[in-house]
Amino acid sequence: MSKKVRVRFAPSPTGGLHLGGVRTVLYNYLFAKKHGGDFIVRVEDTDQSRYVPGAEEYIFDCLRWCGLEPDESVQHGGSFGPYRQSERKPIYRTYAEKLIEQGDAYYAFDTPGELESMRENYKTEQNPSPQYDHTLRLKMRNSLTLSKEEVDSLLTDGTPHVIRINMPGTGTIAFNDMIRGEVSFDMSTVDDKVLLKADGMPTYHLAVVVDDHLMQISHAFRGEEWLPSAPVHVRLWEKLFGRDAMPQWAHLPLILGPSGKLSKRDGAKYGFPVFAMNWTDPKTGETVEGFRERGFLPEAFINLLAMLGWNDGTEKEIFYMEELIEAFSMERVHSAGAKFDYEKAKWFNHAWIQRVPVEGLAMRVEKSLGGLEGLGSLEKIVGLVKDRCHLLTDFAEQTSYFFEYPKTVDVAAIQPKWNEAKTDFFRTLMQRYETLAEWTAIELETSFKSLADEKAIKPGELMLPLRIMLVGGKFGPGVFDIADILGKEETIRRIEVLTAQLTNN
RNA sequence: GGCCCGUUCGUCUAAGGGCUAGGACACCACCCUUUCACGGUGGUGAUACGGGUUCGAAUCCCGUACGGGCUACCA
């Protein structure tokens, strides 16, 4: 039975989209495209208490920036909608009640307070967090312990209740994970998860199974943090739609921060972003930085995420999206969690800055530089300095002296060795440059060196002063290339300014 | 505590019974560069531990340790 490949990413719109989330999207996307399938984004907004305005839109913006456009979603349409679970609310109850009829679920009327006291009462040293499971459910208020009449009257009275899965107290449940192979659980250790909440909304457990079925999902990929609840989902599949219809699971390894699971705090704490794009919490107004704003190219971001836990078996590390699609396979995903290495991330970005066509790069740099005048030569400038930029934001610093007189001038680097002969040299140089036939890097250098020769000064003595005059510091590409771009007027002006200053001192 | 997953250089990983355990990032050295980078060459550096199975184990099995995840009417 080879049904069409259909995969989904199912975020809940509660905040920023972090590294692990994007990588889950990426692996879904790559798998779908590789097999000519569909990539669906389904919004899991069943917890209205955690709903954050703007988060849904933000997630789609992130996907767009990454170049991971869904085939079906709230924004893209499709014939399996609605793609927002809150809009599918009536669907879920039917399935929950079907389970009750089959004896695979039951109504539970316990109040939050009662649940709390249960956890308190049955807490022991050995078992610090007692579960609502086969050992305790007969001590609670539910349709297994109450008479049918009581249950009926509670229901007709509209008493708040939930529906819980009835997990067997014995037996094992196992399934085959595409990354981990067979994973099995003792069913007695799995608790009776709530399927339908008191407000009528499904929990993740019910919703994911029902929607994966209704949307004909063939492969379900999600983070490893879901592995412990997989037996619940497998059980639901068995009881609702049959085990044969169940998608193939793959639980992706976690991306870890310097200490454990990646949290948004890690960014601030360890100095690297965790979100794809800047995320501003609408309540607190607090903004958490994103990779985009930090100066990452989406190509690099995708590339580095792909390599975090996967490789194609060769030593190739730089991949275009098309190459990733071609090479990707879930079986080659590493099963262990990966610690995120920001230094390596920067290396990827540097590599991509060198790879991306310079026209496009210049445009993106222009955006991040903002409001610069007369940028006819920006492409030339960007091409000249891109070697030394790891982040798009590095360009600001690396190119600033092309647009304005250097903010700081490291006079101290040349002051001690300054003398009359140098003053003389630069005064003459200005005259030579004034009448130079062609203002090109080669001409500038030739003229410079022959003058040095005439004055019997080693060029090495003069190169640094010239650089300091033009750039302000000991950095940047070749001085004559810089002078070439700076143009005659500005070059001579900068030589003049510093020569005068050094002479007067 | 219980359950589940995992464990190869500091980090990401390759090697799915058989060459001196390979590569990348980072680090160090040298070269290139009349600046700073880029780049090039080389170097330091790992199979968590203990038992098995086998002629032979990073690889298969068991145990221990360590790490991570889950343990909500959150996803």
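The sequence lines fix the lettering, A, B, ..., with proteins before strands; numbering per chain opens at 1.
Taking atom C1' in both B/G23 and B/C4, one finds a spacing of 33 Å when rounded to whole Å. Between the P atoms of B/C19 and B/G42, the separation comes to 23 Å (whole Å). Nucleotides B/C74 and B/A57 place their C1' atoms 45 Å apart, quoted to the nearest Å. Straight-line distance between the P atoms of B/A15 and B/C9: roughly 15 Å, to the nearest whole Å. Here, B/G51 and B/G1 have their P atoms 27 Å apart, quoted to the whole Å. Taking atom P in both B/A37 and B/A29, one finds a spacing of 13 Å when rounded to whole Å.
Using a 4.0 Å heavy-atom distance criterion, A/Pro477 is classed as a base contact.
Under 4.0 angstrom from either OP1 or OP2 of B/G23 there lies no side-chain N or O belonging to A/Lys316. At B/G2, none of the side-chain N or O atoms of A/Asn127 fall inside 4.0 Å of OP1 or OP2 (strictly under the cut-off).
Taking atom CG of A/Asp47 as the reference point, atom C1' of B/C73 lies 9 Å away to the nearest angstrom. Atom-to-atom, NE2 of A/His334 to C1' of B/U47 comes out at 12 Å; the value is rounded to the nearest Å. Protein atom CG of A/Asp387 is 15 Å distant from nucleotide atom P of B/C36, rounded to whole Å. Taking atom NE2 of residue A/His233 and atom P of nucleotide B/C4, one finds them 17 Å apart after rounding to whole Å.
At a cut-off of 3.5 angstrom, the base of B/C36 holds at least one donor-acceptor pair with the side chain of A/Arg388.
No donor-acceptor distance shorter than 3.5 angstrom exists from the side chain of A/Asp394 to the backbone of A/Cys389, with no hydrogens or angles considered.
Nucleotide B/C12 is shown with an anti base, its glycosidic torsion being more than 90° from 0.
With salt bridges taken as basic N to acidic carboxylate O contacts below 4.0 Å, one links A/Arg84 and A/Glu56. Using a cutoff of 4.0 Å between basic side-chain nitrogens and carboxylate oxygens, A/Glu116 and A/Arg119 are not scored as salt-bridged.
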